[in-house]
Each structure stands twice: as C-alpha cells, then as structure tokens.
Protein chains: 2
Amino acid sequence: MENLRELFQIMTRRFGFLDKNCCSVGGVNVSIIHSHILYEIDKQHHPSIQQVAETLGTDITTFSRQIQALVKMNLVKKTPHPDDKRVYILSLTVEGKYVATTIDQQMKTYLNDVFSHMNEFEKETVIRSIKLLNEAMAKTSNCCTTPMR
Amino acid sequence: MENLRELFQIMTRRFGFLDKNCCSVGGVNVSIIHSHILYEIDKQHHPSIQQVAETLGTDITTFSRQIQALVKMNLVKKTPHPDDKRVYILSLTVEGKYVATTIDQQMKTYLNDVFSHMNEFEKETVIRSIKLLNEAMAKTSNCCTTPMR
DNA sequence: ATTTATTATTTGCAAAATGCAAGTATTAAA
DNA sequence: TTTAATACTTGCATTTTGCAAATAATAAAT
C-alpha cells in the first residue's frame with residue numbers, strides 16, 4: 001500500500017506549476033487567479049459576483065476587488081441585474097473572451113502533451129478515473145468543497 | 001470527447017479546498033504554504049533552503065522569510081552545513097514533526113473518506129491512474145515542472 | 001596566491017493581495 | 001412601515017510578494 005497523500009500532493013503541485021507557467025496572452029498579463037475567474041465567468045451562465053466568489057472559495061471583498069481589476073483591464077463586464085438592483089451580472093468582454101479562449105487552448109495543448117506519453121487505453125483509464133474522483137469528492141461533505149468560513 | 005481541462009480544473013480546485021480546510025493543529029495555526037514546507041522538509045533528507053524552495057517553486061527570498069517564520073514558530077530548525085558555511089540544513093523540530101504528522105493523518109483521513117465512495121476496483125484504478133499521470137507529467141518538459149527562470 | 005565569478009542566503013523597500021469591520025443600497029419579511 | 005437580510009463596496013491595517021542589492025562563503029581563473 002503506497003503513500004496516497006504523496007501521490008496526490010505531487011499531482012496537485014504539478015498542476016499548480018502548469019497554472020503558474022501559462023498565463024500571458026498577447027500583451028496582456030493575466031495572473032492565475034484572474035485566469036480562473038475568466039474561466040468561471042465563461043463557464044457559468046451570466047453569474048453574479050457572489051456566485052463566482054462562492055465557486056472559487058474567495059472572500060467576497062477580495063473578489064469584488066479582483067473583478068474591479070478585470071473590469072479595468074477591459075476583460076470583464078459588470079451589468080446590473082434587471083430585476084434585483086443589488087446584483088451585478090458578470091460577463092466577458094470580447095477581449096476577455098479572447099484571453100479566456102487562448103488560455104483554454106494552451107491548457108489543452110499542455111494536457112495533450114501529457115497524454116501523449118500514454119497509450120489510448122491508459123488515457124481512457126485516467127480520464128475515467130478523474131471523473132470517478134470528482135464524483136467521489138462531490139459526495140464527501142467534510143472536504144473538497146468550498147471552504148467553511 | 002469530453003472537456004479535459006474542465007475535469008482537471010475541478011479536480012485541482014477541490015484539492016485546493018481540501019488544503020484550505022485542514023491546517024490547524026492543536027493551538028498552532030499553520031497555513032497551507034507552511035504545511036507544504038513542513039511536508040517537504042520531512043520528506044527530503046536534510047534539505048537546504050534552496051532545495052525546498054526549488055521543489056515548491058517559490059521565490060527564494062520569499063521562501064527565506066517563510067522559513068524564518070517557521071523557525072520563530074519553533075517548527076523548523078536551521079543548522080549550518082558542516083562543509084559549506086553558505087548553506088543551511090533544514091529539519092523539523094519535535095513540535096514540527098508532530099504538526100506534520102498530524103496534518104498527514106488528517107489528509108489520509110480525507111482521502112480515505114473520498115475513496116470510501118468507490119469500490120475496491122475503482123480505487124485501484126484511480127490510484128494507478130494518478131501514478132500514470134505523475135509519470136507522464138514528469139516526462140513533459142514544457143509544463144508541470146518547477147516554474148522557469 | 002589573488003583576483004574574479006558563483007553560489008546560498010538575507011534584507012530593504014515598495015507594490016500587491018488579503019480579510020475584517022463597517023458602509024451603502026436594495027429587496028424581503030414581520 | 002419598521003426590521004431583517006442580501007449583494008456589493010470601501011477603509012483600513014496586516015500580510016505576502018518579488019526585485020534589487022547586500023553579505024558571506026566557496027570555486028574558478030589568472
């Protein structure tokens with residue numbers, strides 16, 4: 001029985017490095033944090049500030065400022081919610097969408113690079129395993145979800 | 001063909017949450033960063049400051065200060081290298097070892113919790129997959145290793 | 001044997017990121 | 001129509017960061 005924790009520690013650290021490396025698109029320099037925010041805004045359907053902060057597990061006041069920065073960089077747009085004036089709806093600007101897409105492609109390239117060292121069967125197994133893992137973590141209440149405050 | 005990046009994004013985010021939650025032992029409050037440092041010092045055999053900074057991909061000046069903090073907290077000990085006086089050897093104090101061990105146990109508990117939602121076969125498959133992934137990432141030079149510079 | 005480079009680590013400093021407490025504005029509940 | 005709750009923002013004060021430069025020690029070159 002091998003050391004489980006070590007296995008995961010190494011894996012997550014490596015993905016962390018991946019994140020660190022790949023975050024400058026054209027002239028714009030995007031931090032990892034910002035890239036994750038862009039990713040989530042793109043993925044969620046017109047989310048509010050609160051919603052994205054929640055999924056990323058970031059303090060809301062910090063997140064508010066992060067959004068301000070992204071708006072200033074002209075990557076994100078804040079639109080008042082039509083029915084509830086307290087809420088702001090987030091979306092990507094054209095430039096933001098471009099940056100998000102480019103980062104996404106980079107990430108895909110990296111991942112394909114990683115998978116190029118496996119045969120098709122191994123690749124399928126690994127992908128299936130990550131899915132299993134995600135499902136299992138979703139079921140585990142006392143860890144792996146948004147940090148408790 | 002499903003979205004590979006999303007799969008990995010979710011997984012690493014979840015492990016990030018895991019890290020965020022589990023880092024206070026007894027009275028001592030240890031940040032994730034500090035817990036990773038303790039982990040590496042424990043794992044590597046009498047590493048130098050430089051070595052650990054390298055594996056964690058942290059700027060050396062920042063890391064120097066992190067070590068100072070851990071020394072002040074009485075979790076880490078700095079010993080001058082006998083042959084090369086420029087170098088400091090890092091080791092855990094008794095208390096540091098205790099903290100590291102406790103965190104390790106917590107992590108193992110969390111992981112077991114996650115795996116409890118799988119059957120034995122799935123568990124084996126997932127573990128084998130993580131290993132495959134780590135090996136593949138190690139082979140991939142243009143990502144997943146210590147940030148360049 | 002001295003000068004010159006390298007290496008390991010530390011500080012100065014200034015910029016950036018964080019989070020709590022408190023604020024505003026708006027909506028929902030009593 | 002007062003009271004409570006929600007979504008978001010700002011004021012601070014603290015912490016974290018990293019570059020440039022300093023220090024100290026070893027290695028290489030002359």
Side-chain angles (χ1 to χ4, degrees), chain A residues 16-17 19-21 23-24 28-38 40-41 44 46-73 75-91 146-149, chain B residues 16-17 19-21 23-24 28-38 40-41 44 46-73 75-91 146-149:
Chain A
F17 288 154
D19 265 348
K20 263 194 190 170
N21 287 339
C23 280
S24 121
V28 197
N29 222 348
V30 191
S31 72
I32 327 112
I33 293 173
H34 285 173
S35 93
H36 280 222
I37 297 174
L38 295 181
E40 275 306 315
I41 293 178
Q44 295 183 24
H46 295 314
S48 70
I49 293 186
Q50 186 110 187
Q51 280 173 312
V52 182
E54 175 81 6
T55 37
L56 294 177
T58 312
D59 180 272
I60 185 80
T61 72
T62 303
F63 191 75
S64 170
R65 279 183 262 256
Q66 287 169 346
I67 292 297
Q68 285 172 42
L70 287 167
V71 169
K72 198 165 284 172
M73 295 165 82
L75 300 177
V76 168
K77 196 170 59 176
K78 267 166 65 178
T79 316
H81 192 290
D83 299 343
D84 188 337
K85 289 176 191 166
R86 293 170 301 180
V87 180
Y88 279 101
I89 296 300
L90 299 177
S91 57
T146 287
M148 53 208 79
R149 111 197 22 215
Chain B
F17 288 153
D19 266 350
K20 264 194 191 172
N21 287 339
C23 280
S24 124
V28 197
N29 222 348
V30 191
S31 72
I32 327 112
I33 293 173
H34 285 173
S35 92
H36 280 223
I37 296 173
L38 295 181
E40 275 307 316
I41 294 177
Q44 294 183 24
H46 295 312
S48 70
I49 293 185
Q50 186 110 191
Q51 282 174 312
V52 183
E54 176 82 6
T55 37
L56 294 178
T58 312
D59 180 272
I60 186 77
T61 72
T62 303
F63 191 74
S64 170
R65 280 183 260 257
Q66 286 168 348
I67 292 297
Q68 286 173 42
L70 286 166
V71 168
K72 198 166 281 173
M73 293 165 83
L75 300 177
V76 167
K77 197 169 57 177
K78 266 167 63 180
T79 317
H81 191 290
D83 300 342
D84 189 337
K85 289 177 191 166
R86 292 171 300 180
V87 181
Y88 280 100
I89 297 300
L90 299 177
S91 57
T146 286
M148 54 210 79
R149 145 176 8 241

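We use all heavy atoms of the structure for the numbers below, so side chains are in, but hydrogens, waters and symmetry mates are not. Residue numbering restarts at 1 for every chain, and letters A, B, ... go by the order of the sequence lines.
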Without decimals, in angstroms, what is the distance between B/I37 CD1 and D/dT16 P?
11 Å
Specify the separation, in whole Å, of atom CG of A/L90 and atom C1' of D/dA7.
12 Å
Rounded distance [0.5 Å steps], CZ in B/R65 versus CG in B/D59
8.5 Å
For B/Q68 and C/dA8, what is the distance between atoms CD and C1' respectively, to the nearest whole Å?
14 Å
Between A/I49 (CD1) and D/dT6 (P), how many Å, whole number?
17 Å
Grab the two heavy atoms, one from A/M73 and one from A/N29, that are nearest each other, plus how far apart they are.
CE-O, 3.7 Å
Report the residues that fulfil side chain to side chain contact (heavy atoms under 4.5 Å, CB included) with A/Q44, sequence neighbours left out, ordered by chain and then residue number.
A/E40, A/P47, A/Q51, A/V52, A/T55
Would you tabulate the nitrogen or oxygen pairs shorter than 3.5 Å linking the protein to nucleotides 26-29 of chain C?
{"residue": "C/dT27", "atom": "OP1", "partner": "A/K85", "partner atom": "N", "Å": "3.1"}

When rounded to the nearest 0.5 Å, the distance separating OG1 of A/T58 from CD1 of A/I33 is 7.0 Å
Round to a whole Å and report the spacing from CG of B/L56 to C1' of D/dT17.
16 Å
Between NE2 of A/H81 and NE2 of A/H46, what distance do you get to the nearest 0.5 Å?
10.5 Å
Scan nucleotides 12-22 of chain C nucleotide by nucleotide, 5' to 3', and note B when protein non-hydrogen atoms come under 4.0 Å of the base, S if they reach only the sugar-phosphate, - if neither.
BB----SBBB-
Is there a side-chain contact between B/Y88 and B/S48 in this structure, where contact means two heavy atoms from C-beta onward sitting under 4.5 Å apart?
no
Give, for atom OG1 of A/T61 and atom CD of A/Q66, the distance between the pair rounded to the nearest 0.5 Å.
9.5 Å
If I take atom NZ in residue B/K78 and atom C1' in nucleotide C/dA8, what distance separates them, rounded to the nearest angstrom?
11 Å
Between A/L90 and A/F63, what is the shortest heavy-atom contact and its length?
CD1-CE2, 4.4 Å
Can you name the nearest heavy-atom pair linking A/D84 to A/R86, along with the distance?
OD2-NH2, 2.8 Å
I need the CD-P distance between B/Q50 and C/dT10, as an integer number of Å.
11 Å
Could you state the CD1-C1' distance from B/I67 to C/dT10, rounded to the nearest angstrom?
13 Å
